[in-house]
Amino acid sequence: FVSVSFTGMVGVVSGMNADGLAVAIQAAGSEASIRPGMPMALVVREILQHGSSLEDAEAILRKRAGTVSENVMVVDGEAQEAALFEVTPETVERLEAGTSLGVTNHFRTPALALDRTNQERVANYTTRHRLARVEELLERHKGGLNPTVAREILEDRQGLGDTPLP
């Protein structure tokens with residue numbers, strides 16, 4: 001597998017394996033207490049080393065659980081499907097991606113969307129505004145998404161309608 005990480009880091013923040021399975025993590029927040037365990041960067045490395053499908057990734061995430069709260073996006077290039085796994089120290093929830101799915105720093109599944117810490121994150125930070133912008137850009141480029149456009153979306157620093165973020 002290949003990974004993008006930080007100098008000296010053993011784990012993986014984002015990467016892709018030879019089977020076409022790609023994984024990326026995004027920090028989130030929940031009321032669930034931090035617990036000892038395997039850091040998510042090492043769980044992602046395990047997924048890339050041993051996984052070849054969304055089901056494999058989900059099984060590893062459920063087996064390892066989380067030490068903190070994270071969004072874990074998994075894309076299976078062979079099967080042409082993707083899912084977002086919302087992981088806390090207490091649970092793993094799955095959100096199917098469909099044709100596209102924007103991800104920022106909060107949870108959206110019914111089981112975690114109303115979590116108090118998650119709601120504070122949504123209310124007090126830019127996560128919902130950035131998600132709305134990502135979804136706007138995905139819709140704008142529907143059918144024309146390519147590596148150049150994807151990079152432009154990732155580098156975008158605007159709010160809805162090309163206005164500044166609040």
For the pair D156 and L137, evaluate side-chain contact (heavy atoms from CB on, under 4.5 Å) and give the outcome as yes or no after the intermediate values.
CA-CA 9 Å; D156 184 82; L137 293 173; 3.7 Å; yes
How many angstroms lie between atom CZ of R133 and atom CG of L138, to the nearest 0.5 angstrom?
11.0 Å
Would S30 and T88 count as having a side-chain donor-acceptor pair, cut-off 3.5 Å?
no
For R94 and A83 the tightest heavy-atom approach is NE-CB, 3.8 Å
Show the numbers, then the answer: is there a side-chain contact (heavy atoms from CB on, under 4.5 Å) between L101 and M73?
CA-CA 9 Å; L101 181 69; M73 180 61 120; 4.0 Å; yes
Just by distance, do the side chain of E155 and the backbone of E152 share a donor-acceptor pair under 3.5 Å?
no
Which pair of heavy atoms, one from M40 and one from G66, lies closest together, and at what distance?
CE-CA, 4.4 Å
Here the gap from E136 atom CD to I153 atom CD1, rounded to the nearest 0.5 Å, amounts to 10.5 Å
Can you check whether T104's main-chain N or O pairs, donor with acceptor, with N71's side chain at less than 3.5 Å?
yes
So which atom in A113 and which in N118 form the shortest heavy-atom distance, rounded to 0.1 Å?
O-ND2, 3.1 Å
Rounded to the nearest 0.5 Å, the OG atom of S14 sits from the CG atom of L48 at a distance of 9.0 Å
Show your working on side chain to side chain donor-acceptor pair (under 3.5 Å) between N105 and Q26 and close with a plain yes or no.
CA-CA 6 Å; N105 299 96; Q26 184 78 21; 3.3 Å; yes
Would you say D115's side chain and E31's backbone share a donor-acceptor pair under 3.5 angstrom?
yes
OG1-CD distance between T109 and E96, expressed to the nearest 0.5 angstrom:
12.0 Å
Approximate separation, where rounding is to 0.5 Å, of R130 CZ and Q158 CD:
14.0 Å
Residues G29 and T117: closest non-hydrogen pair is C-CG2, 3.9 Å
Nearest 0.5 Å, what's the CE-CG distance between M16 and L21?
8.5 Å
Counting only heavy atoms from other residues, nucleotides and ligands, does the tally under 6.0 Å from CG of L165 exceed 12?
yes
Which atom pair, heavy atoms only, marks the closest approach of R64 to R35?
O-NH2, 3.0 Å
Taking 4.0 angstrom as the limit, do R108 and E135 come out as a salt bridge?
yes
Closest non-hydrogen atoms of F85 and V92, given as atom of the first, atom of the second and distance, are CD2-CG1, 4.1 Å
Hey, mind stepping through L61 and V43 against side-chain contact (heavy atoms from CB on, under 4.5 Å) and telling me if it holds?
CA-CA 7 Å; L61 287 167; V43 176; 3.9 Å; yes
Pairwise side-chain contact, S5 with V13, heavy-atom cut-off 4.5 Å (strictly under):
yes
Are there more than 12 heavy atoms of other residues, nucleotides or ligands under 6.0 Å from atom CZ of F1?
yes
R128 (side chain) donor-acceptor with V122 (main chain) under 3.5 angstrom
yes
